[in-house]
Participant: 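Shown below is the structure under consideration.
Given the structure is predicted, the values throughout are model-derived calculations rather than measurements.
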Amino acid sequence: FGRGGRRAGRCRLYRPCHGPFLPRTGLSDRLLPRRIFRAGRSARPFRLVGAEKAAAENVEIRGRNKARDRKEIRTRNKARGQNEISDRNENRIRCRICGPDFLRIIFRNALCLFVILRIRNAFGIRLHAPNTGSMDIATYYMTSFLCETSRALLERAIEGGFNFADCVIAPDGCTMINRCVENMELLKTMGEGNDRFFHEFMEIPLKADENGVELLVLQCKNHILKPLSENYGIDVSDASIRKAVGEHNRVCRGINEIGNFRKESRPRITGYEFHVLTLATYVMPQYLIIDKLEETLEEIKTREPEDREYRARIAVVGSEVDDSGFIKLIEETGAYVCADRFCFGSLPGRMEIELKDEEDALTQVCRHYVYNGHCPRMFNMEKVYGRKAYVNDIAKEYKADGIIYQQIKFCDPWAYERLLGSTMLREDYNYPVLSVDRPYNISSSVGQMRTRVQAFVESIEIKKLQANA
């Protein structure tokens, strides 16, 4: 698939419009010229032809490919229905409400450096692509062996879902996301008509120590603050960062207070409702959502809890959950999602940042994320074992009966973490654990996932009955 041979043609896969090109087939190689690809089943690699020579011979082919791509996207959107088209433009609508004076930054961050991207007259939107359907075009460019998150994001970018952005910042959380953003840049999916648009790639530390803090500070200065200041005149002063931290802390305070209601024996808020609120805090300007969160908190305080008993209290751990339908599916089985220890959840993503006057704000923010983050990319042994102990602490605090350790298919960092984490939590901490990999969009395997969750919940109920017998 995706290698320019006859099989790719039969499967109606898409080819890029610029070189280098494969001389035997007349088809374009994929977009990463640093790698050597083989076409078809040949055991011998093709010699790549220069892009300039091939481009002169393929102008007409490029035009036809572009027209075909546009027609295919229009046809696909029309077939999916107007409701899904509205969902796909949700990010664009959210950004337009803040007015033309704000810079829209799309970012993908392993250590969740959201505060730096909330400085004055700028706000960051975490890359996510809910309700993604077919990923044929992105699979062609990136192959089917990369995680569905990276392919879904590229598919959304090709369809124009991120055209509102003014820049893209991609820290090196994993190579798959790097490949995703590189393809976005090479395909020019964003920034049309904006001469100041830029892509930035950051290096992220692998260990939680002061060397890692210094590296992260340097990377933030060179790849976030400096480009924003030079290209858009954004205020990146220490005072601006401190103000952003203040707004961030207000959001964290509101989310954490709402999340504390999940500790009750009869919760006043469902796990699905809380997940939707948490997602909103990552994709909207802080000043727009603070008042809404505080209003929601006051409403929940007066809400009467439902008169029902949940079959089991579940803590969800692992990869990011951009599809809130996954949380809804779990709760439809009669379970209650009491804790969200996954990427871009509230634990520990919505931890307040304490700033002191003795040190600059940027260094303190970077130190907070390096030492308090629980990303599986951090490999020092204190972090490796600390992540499991943190899940244990959360499960005790939120009174979880079991843990679902989930991972998006082909996500390498969480694949290793899921294997080690699920084993340790089951054998060392004595929790019932369901270890699953899942698609980025849960609607593609609802039946299978519901069956596994139902069986897991029933096993927890049986253990409760046996313990009380």
Side-chain angles (χ1 to χ4, degrees), residues 2 30-32 34-35 105-114 116-117 124-130 132 135 138-139 141-157 162 168-187 189 199-208 212 215-216 219-220 223-224 282 317-323 341-345 348-349 366 369-370 372-380 383-384 387 405-422 435-441:
R30 283 181 294 179
L31 290 178
L32 301 178
R34 293 189 299 275
R35 299 172 60 184
I105 308 169
I106 285 187
F107 62 95
R108 184 76 190 178
N109 208 316
L111 292 178
C112 317
L113 288 171
F114 304 119
I116 307 301
L117 298 172
I125 293 182
R126 180 178 68 82
L127 273 177
H128 68 302
T132 300
M135 293 182 283
T139 300
Y141 287 118
M142 299 184 64
T143 84
S144 60
F145 295 105
L146 298 188
C147 78
E148 290 194 4
T149 301
S150 60
R151 288 185 282 144
L153 297 177
L154 179 59
E155 187 82 17
R156 183 64 53 86
F162 302 132
V168 178
I169 299 174
D172 188 13
C174 69
T175 55
M176 300 184 189
I177 292 299
N178 267 359
R179 299 293 85 78
C180 171
V181 179
E182 280 183 355
N183 276 276
M184 291 180 184
E185 181 179 8
L186 291 167
L187 284 168
T189 58
H199 294 78
E200 288 289 339
F201 296 84
M202 297 175 58
E203 182 65 29
I204 300 297
L206 291 170
K207 287 188 175 182
L215 172 63
L216 192 56
Q219 292 292 308
C220 288
H223 298 287
I224 299 179
Y282 286 110
V317 184
S319 299
E320 63 197 78
V321 182
D322 289 344
D323 187 356
R341 193 2 239 147
F342 46 77
C343 292
F344 309 110
C366 291
Y369 283 119
V370 167
N372 294 307
H374 289 273
C375 178
R377 193 178 186 275
M378 308 299 284
F379 289 126
N380 48 321
K383 284 290 185 182
V384 172
R387 287 193 288 268
Y405 228 113
Q406 51 80 31
Q407 159 224 335
I408 296 176
K409 289 181 180 178
F410 304 117
C411 175
D412 287 342
W414 275 108
Y416 292 101
E417 182 71 12
R418 179 169 68 96
L419 174 62
L420 181 60
S422 59
S435 178
V436 295
D437 62 353
R438 61 175 179 83
Y440 182 75
N441 183 12

Participant: Mind checking the CG-CD1 spacing from L127 to I177? Nearest 0.5 Å is all I need.
Facilitator: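 Answer for the CG-CD1 pair, L127 versus I177, is 7.5 Å.
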Participant: Calculate, to the nearest 0.5 Å, the distance between atoms CH2 and CG belonging to W414 and D437 respectively.
Facilitator: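 Here the rounded value is 14.5 Å.
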Participant: Check each of T143, T139, N183, T132 against R151 using the side chain to side chain donor-acceptor pair (under 3.5 Å) test, and report the only one that passes.
Facilitator: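 The single option meeting the side chain to side chain donor-acceptor pair (under 3.5 Å) with R151 is T139.
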Participant: Any chance you could lay out the side chain to side chain contact (heavy atoms under 4.5 Å, CB included) test for E185 and V168, step after step, and finish with the verdict?
Facilitator: CA-CA 9 Å; E185 181 179 8; V168 178; over 6 Å; no
Participant: Apply side chain to side chain contact (heavy atoms under 4.5 Å, CB included) to R387 and M378, showing your working.
Facilitator: CA-CA 10 Å; R387 287 193 288 268; M378 308 299 284; 4.0 Å; yes
Participant: What's the separation between atom NE2 in H374 and atom CZ in F342, rounded to the nearest 0.5 Å?
Facilitator: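 Reported value, rounded in 0.5 Å steps: 15.0 Å.
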Participant: I need the Y141 OH to L146 CG distance, nearest 0.5 Å.
Facilitator: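 That separation rounds to 15.0 Å.
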Participant: Out of C147, S319, S435, P376, which one pairs with Q407 under the side chain to side chain contact (heavy atoms under 4.5 Å, CB included) rule?
Facilitator: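 Only one option passes, and that is S319.
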Participant: Find the distance between OH (Y440) and SG (C411) and round it off to the nearest 0.5 Å.
Facilitator: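 Reported value, rounded in 0.5 Å steps: 12.0 Å.
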Participant: Show the nearest heavy-atom pair for residues L153 and M184, with the distance to one decimal.
Facilitator: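 Answer, listing the atom of L153 first, then M184: O-CE, 3.5 Å.
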Participant: Before giving the answer on side chain to side chain contact (heavy atoms under 4.5 Å, CB included), spell out for Y405 and E417 the whole-Å C-alpha distance, their side-chain angles and the decisive distance to 0.1 Å.
Facilitator: CA-CA 9 Å; Y405 228 113; E417 182 71 12; 3.9 Å; yes
Participant: As an exercise, state the distance from CG of L206 to CZ of R377, rounded to the nearest 0.5 Å.
Facilitator: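 That separation rounds to 4.5 Å.
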Participant: When you look at NZ of K409, are more than 12 heavy atoms from neighbouring residues, nucleotides or ligands closer to it than 6.0 Å?
Facilitator: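 Count over threshold, so yes.
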